[in-house]
Q: 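Before we start, here is the structure in question, set down as structure tokens.
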Amino acid sequence: MHYHPMTDQNRDDMLKKIGVSAFGDLLKGIPSKLRDVKMNIPEALSEWELQSRFKEIGARNATLRDHLAFLGGGSYEHFIPAAVAEITGRQEFYTAYTPYQAEASQGTLQAIFEFQSMIAELTGLDVANASHYDGATSLAEAALLALRQTDRHKILVARSVHPHYRQVLKTYLAATPFSVEEFGFDPGGVFNPDDFKKRLSDDVAGAIFQTPNFLGAVEELEGVSDQLHQMGALLILAINPIALGVLKTPGEWGADIAVGEGQPLGIPPQCGGPYVGLFATTRALMRRIPGRLAGITQDADGKRAYCLTLQAREQHIRRERAASNICTNQALCALTACAYMTLMGKEGMREVAELNLDRAYYLREKIAELEGFHVALDVPIFNEFMVQSERPWDQLEPHLAKAKIFPGIPLSAYYPELKNTLLVCATETKTRSELDRFVEVLSQC
Amino acid sequence: MHYHPMTDQNRDDMLKKIGVSAFGDLLKGIPSKLRDVKMNIPEALSEWELQSRFKEIGARNATLRDHLAFLGGGSYEHFIPAAVAEITGRQEFYTAYTPYQAEASQGTLQAIFEFQSMIAELTGLDVANASHYDGATSLAEAALLALRQTDRHKILVARSVHPHYRQVLKTYLAATPFSVEEFGFDPGGVFNPDDFKKRLSDDVAGAIFQTPNFLGAVEELEGVSDQLHQMGALLILAINPIALGVLKTPGEWGADIAVGEGQPLGIPPQCGGPYVGLFATTRALMRRIPGRLAGITQDADGKRAYCLTLQAREQHIRRERAASNICTNQALCALTACAYMTLMGKEGMREVAELNLDRAYYLREKIAELEGFHVALDVPIFNEFMVQSERPWDQLEPHLAKAKIFPGIPLSAYYPELKNTLLVCATETKTRSELDRFVEVLSQC
Amino acid sequence: MLISKDDRLSFEKSKPGRRGARLPKQRLLESNALDLVPPSLKRKQPLLFPELTEPEVVRHFVNLSKKNFSIDTHFYPLGSCSMKYNPKINEWVAKLEQFAWTHPMQKDETLQGTLEILYELEQCLKEVTGMDRFTLQPAAGAHGELTGMMMVHAYHASRGEQKRRKVLVPDSSHGTNPATAALVGYEVVEIKSNPRGRVDLEDLKRHCHDETACLMLTNPNTLGLFEEQILEITKLIHGCGALLYYDGANMNALLGICRPGDMGFDIVHLNLHKTFSTPHGGGGPGAGPVGVKAKLIPFLPSMHIEKKGNHYEVVRDGQKSIGRVSAFLGNVGILIRAYVYIRTLGLSGLKQVSEDAIMNANYLKEKLKRIFPVAVDEPCMHEFVLTLQKLKTKGIHSGDVGKRLLDYGFHAPTVHFPLVVDEALMIEPTETESHETLDQFADAFRKIAQEIEEDPDLILKAPHTLPIRRPDEVRAARNPILTYRDLAGKDSPETASVR
Amino acid sequence: MLISKDDRLSFEKSKPGRRGARLPKQRLLESNALDLVPPSLKRKQPLLFPELTEPEVVRHFVNLSKKNFSIDTHFYPLGSCSMKYNPKINEWVAKLEQFAWTHPMQKDETLQGTLEILYELEQCLKEVTGMDRFTLQPAAGAHGELTGMMMVHAYHASRGEQKRRKVLVPDSSHGTNPATAALVGYEVVEIKSNPRGRVDLEDLKRHCHDETACLMLTNPNTLGLFEEQILEITKLIHGCGALLYYDGANMNALLGICRPGDMGFDIVHLNLHKTFSTPHGGGGPGAGPVGVKAKLIPFLPSMHIEKKGNHYEVVRDGQKSIGRVSAFLGNVGILIRAYVYIRTLGLSGLKQVSEDAIMNANYLKEKLKRIFPVAVDEPCMHEFVLTLQKLKTKGIHSGDVGKRLLDYGFHAPTVHFPLVVDEALMIEPTETESHETLDQFADAFRKIAQEIEEDPDLILKAPHTLPIRRPDEVRAARNPILTYRDLAGKDSPETASVR
Ligand SMILES: Cc1ncc(COP(=O)(O)O)c(C=O)c1O
Ligand SMILES: Cc1ncc(COP(=O)(O)O)c(C=O)c1O
């Protein structure tokens, strides 16, 4: 085995040094009836065979590079500078463990600190953690934080929040005494303020909105935080970090917690993961934040030092009284996002957001001109919007497949009322000719 | 410009510090008639546009991965462990300069030393240099060394040596008083000893053979070095380093210099370069070796230290009296080869050579059974051999192209007498089913 | 100077007007897209982001990386973490465009390659553990535990046994075990260890009753010891109607040797980032697939990959499922790496993993126990725990020895854990380290033992060779500086000017 | 300890029986392939190669890399080397399978992508230099020089002017210039520099006659100074029937500012690994394309890429061609990187390269000249040369100051070159470094100047912070140890045992 240095010669020497005559002597404590293991696992392949085989298996996937894709819905196709992979490919980053030994992990710790700083900056909040598993689990943890903080039992969530996130939220709360209640949206996709208000009660710990929401609409949230805060409840916002280059921040909306999927920040879509859950909050809630935090302090010589901090929140110190059970997070994805954001910088973050708006509004306009398709032109969007077709999408599918186009995500599986409606996404990766081709193919369907 | 830190603000400050009022003041020495430069160069592209465009351009190439290729002839398809790219991708290796500052380059220097050691070991000679440009230029430098060492004027070279290498040799000698004379080969492809002997005279500085040669044949060189040495001439052997895992070494043949193309040692074929010229010789000729050498010495504290050595041979010290004019070599390719050889190790080098033999002999046998094709079964080969077709290859071409097969290299362009003959190569990368498919397609042509 | 002394943040290196990336110039709309956004929806706060060129960014991060220890540069014997070599072919495969550039909402027909891998990986994990079905969704070990505990809850609820509110965890257990149980609303009951470091069967018996929901057990446990009475334990727990949860963090000891399924466990999580060699990434991402016995299959998270003929399909599971635990299919990129690892090693390679891991641990234990006592001096599995109790009189703690090891070029073992061992050093060499490395490590211990005698201050003030000395953690927690704004002061001229 | 103290060779870490790669098991022949090789053709000498596992090999090389300075980790102001940032997008493109996995003997139709790039690159290089055609074959600057000198020879020979046997090179020229001329059999004549560091026109005139074959000139020269009388020089040389060769190593100063073709040069080589940002790779590979004026086109090396309609073709050139200078098309992977760079920068970016390079050099010169005198105190182009002459009385040489800079985290400038400057330090900051970095560098100089006063030994014994102190080069050359066998002794038990 080319990963294992132990040779047969070594084995004999080592057994001798250990003081047993056979390897089996080391396993005496294992009940013998357990020892008769038969595993049906294929025999080893050489690396060349692996390279060939996995290329072959990979060829059975269609990709965003060989198709023209308009898929969003929580995972986005964005430009990633080549420098990102050179940074995350540094072995000292990707083969290190959690930076518990601060002196031997200043690299990782400083990068986490920078990541936290940029996420706090994007969200306009005071603190961000070192990452959570993904957008959905961040959202569930935010709900738990609100429930604990307010000592209440109910979470309100907009139906326009990503359906998968709402499912995860329900899973997380299923075994607890807490409940979830949803409020609806208007035809254009923005949340229905009356329905929201109606459900607001003094048992509500917090309310969750997403903006831009799953239907592509940017929510107008004026007054929402006041309404909630007056009731003693928290405002939780799910965001798209790329959009925050230009859109109003959770901080500006008066949110207490912001969560979101960090994948758009330089992480390839890779069929759903690994991604990185973003989690930011106010200084007031800092000591309830789940997961790791890096901070700045001084070392014994008074020199600046980075270290994990407020560990009293965490499971390895507090065990059953911890703020969360999280241990391993998505550190390398956070580093990826950190490298991406640093490369984009202040101007780049604004510009990429602007480009998303440009592409999405352009495409929406063009589709609006087509017969047989409907879009709501008056809803503010970022890079996604709903397209309703007069015919079932299934009928259009073969044409689109032939043109190697993934047109979008069908919404009726999540919202039965949204028949023949696709969620269509266009990011900065799309050129005029690609968008025009899509429109052309649609017009010929 | 995202590579240039200078902003307009900086520019003004800097001009002030420099003490000039405008940038143009720094260029006053340039004759003004030279300053009116018009260059027709396209405007900048963003990185995303570059990524898309170069993917598109790349798609206009057919590759060894989407075709079944039997191309060799100086550039070979071999298995490359994924670990190689992780090593050569280390920024400290690939963005460093030549290790003139030994203290700040121990990494590169030690790797060169290990490379030299392994090349010396493979060739069975005493010393190897840190690399030359490629196999062809190594060979030309070897000829020059022999000419200088013997103070003679003629180089003999087997016609079975790679034709491109012979062309480069002629180019190198064209402006000098030195001449090249070729000796022929027998029908099976091995050199003709009579022709060789006939041309041996006391004006011959050295003779160059390749084994396995360009026609795929492994040369029997018994007695050749004695013949040459008795005449006061040197034996120069061009080798394939992978073959030396099992084939007799230049050292064992009594060669004075071994040269070769190092590409098979973990370097992708990448359309011909960058590759790495191998150059090894005896201790006796060490002080005439072209190019860099790393050695071991001690530092001021008596600790082991790696450094460039015998620099008195080199252009930066000796100028017009240098052993060669080479400065920049192919260091990163040498590092690649070094990483490859270290991963393969003693057993791996033997095994990969054995696998090449296995594939090539198998394919030769199978093709021998086909009607309409001829191979010489009695010639020892390594991973290449000649296949003569009864029909012109041009006629078979469309069938092969349809099956996405690159069948080999047509030899008649180099050797008019070898009509309808292809040089066919099969390395360890080929499986039984791939070879059988090739034979099947040939049989149906 | 090879390691940069510069400890400035990217923010502090920033200069107005610099950029690190260029974006397409082309605009498709006639008007500026920003004008389409209603002013009330626009960000007002300027973005305090660093402004650096690509060369500056690359140098910044490359130099940061050099301040880390890692497997590829150092021996990293962190107990319970299986810091084994992360094979490069795993990275190569996972990064192929054909896998990396697929969207989770693509139709199954367009993802057959990825689905095949996930399906086959599940089959392998079933074989390795002896379980009946796996979910691949959980993103890490603790996430797997959470998934498991939610299933425990759903299972008992489905049987009307809501009163089972207690989850038992040994006092040697990892912090995530009690934390997870609590997260799901369970009451955590700690079970004592016996003098041989195993579960105290008597104590366990006392806590086995009709309010017991589950026992969470790590085997081998965090002392690196196999629970010899495992069959009695599982019988006991099942006897009282509770479930058995297996924390598979230490599975590196048992590949092909024995299986949690055969021991009687109902639910198992694996840490693919430990046993199956996927990189730790400085703290993640990992993957924590959860396997169950047949009776728990209905409760698994939704989404399961099935093979129908030659076609792979994502099947959404039924009624009783606890639902989704992550947004999409899980950490697919990590799952791919783990599968490549299994195919690289094959059956006999996997067995060799655990055999060599156990050999290395016992070999190192023999060497080190001459220097410091082992917590339980018996043959160990893949790791073992030293106790440095006797140094306490000198004011030296196990953490101090860990720090000093850093100076010798070795990452510290896990320190002060498990909690049942006083002054613990938990050492897991893994199978990918050579005995020469173990010998060098033992030599360092020997030297440190001597230093403790001769110059204890050297240990107490260690490390001496790294970019920083020990950080003041109390200060960090008392006055938390968690962002650049905290550091620069919200309204300091510095942040103002960068705005 | 972040930087490993281990200086053992891979060979010295080797243990019999270990392996770092697994190869396919499948054998197609019934017999062992080795038996097919006649015994007389087989290797007898066992292969003394290291035996290590993949993890050991990776850790070995990663730790080696950490002992290097490099652009991505350090400021690297090596004069005449244009150590600018190597953009990552260049690497990304060149490593795409579509480029990396093509064979040089494929038919043109199957290589249209690569041929297009090479064709377009040539067009750009023509624009940048004002030359009429380029060959892309040469692998480095010196290889380009060689190609150029062979063309000079072929050109004169074609005109029956064999008596032109002298090549003129300024005394400030790079070593490859005279070495190349000599390699082609020319007699090298050194031309003096004038007090302002430029070619002494009077001396040049003296050597202009009917035996002169060529003048090789670097402009700006190795002092970083533009040859102001360049038009007089080219006129003079052409006047005597000789050719003008332009060493383009310093082209980083002139992009979009002026062109060798317009100055009157007949032949130009470029170092793509300098001006066009391809990585130096620890000493290579580079690429040294050579451009010529129309009259020399017939002599270019064989193989030229032409565009016919939308099709690219490799055309083998005619009769007068000097022939091939490398086995295939040249260092294609490097050529691709350079082309990507040109497309990234575009016209205005290229101009900015030289403007910023010149600004940075002049800025740094202003700062440093307050510490040590500049060899020629005039505005410089992209680099400049200090002279540390005055330190000689203290026994300190420019090389010593270079060593001390390493301790401050800066790579040394080029030392003791050009030869015309006594105690030279040749400094080229490049355009990709920020003025903050230049300020820090100047600070280090200032501190070193002070150290020289206070503690000259600190300088003489520097560096103090690196894996080694100064190596004993005399010892290295006197008793050369060039291979592991040399080190271990050919028949030492060690080498014997590894056998
Ligand atoms: C015994 C044990 N259980 C659970 C965990 C948690 O796993 P993860 O960090 O993947 O969430 C760990 C990790 O350190 C562990 O060692
Ligand atoms: C002025 C000058 N000419 C020629 C060369 C040689 O170029 P190369 O190293 O690419 O062969 C150099 C390289 O340092 C140089 O500085």
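Chain A is the first sequence line, chain B the second, and so forth, proteins listed ahead of strands; every chain is numbered from 1.
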Q: Are more than 12 heavy atoms, taken from residues, nucleotides or ligands other than A:Lys303, located less than 6.0 Å from that residue's NZ atom?
A: yes
Q: For the residue pair A:Ser46 and D:Leu23, what are the closest heavy atoms and their distance?
A: CB-C, 3.3 Å
Q: First locate atom CD of A:Glu47, then atom CD of D:Glu54, and finally report the distance between them rounded to the nearest 0.5 Å.
A: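 Atom-to-atom, A:Glu47:CD and D:Glu54:CD are 6.0 Å apart.
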Q: Under 4.5 Å between any side-chain heavy atoms of A:Glu92 and D:Lys66, yes or no?
A: yes
Q: Looking at A:Arg53, I want to see if its CZ is surrounded by more than 12 non-hydrogen atoms of other residues, nucleotides or ligands under 6.0 Å.
A: no
Q: Quick one: pull up CZ in D:Arg18 and CE in A:Met6 and give me the separation to the nearest 0.5 Å.
A: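 Nearest 0.5 Å value for the CZ-CE distance: 9.0 Å.
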Q: Heavy-atom distances under 4.5 Å only: say whether A:Glu86 touches chain D with side chain, backbone, both or neither.
A: side chain
Q: Is it the case that atom CD in D:Glu436 sees more than 12 heavy atoms from other parts of the structure closer than 6.0 Å?
A: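 Yes.
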Q: Highest number of heavy-atom pairs under 4.5 Å with chain A: which of D:Glu56, D:Arg19, D:Arg22?
A: D:Arg22
Q: Taking everything shown except A:Asp12 itself, do over 12 heavy atoms lie less than 6.0 Å from its CG?
A: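 Atom CG in A:Asp12 is crowded, with more than 12 foreign heavy atoms closer than 6.0 Å.
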Q: At a heavy-atom separation under 4.5 Å, does A:Glu103 approach chain D through its side chain, its backbone, both, or neither?
A: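 Interface part for A:Glu103: neither.
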Q: Over all heavy atoms of both residues, which pair between D:Pro55 and A:Tyr3 is shortest? Give the atoms and the distance, please.
A: CG-O, 3.4 Å
Q: Who wins among A:Thr95, A:Asp8, A:Val84, A:Thr7 for the most heavy-atom pairs under 4.5 Å with chain D?
A: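 Counting heavy-atom pairs under 4.5 Å, the top option is A:Thr7.
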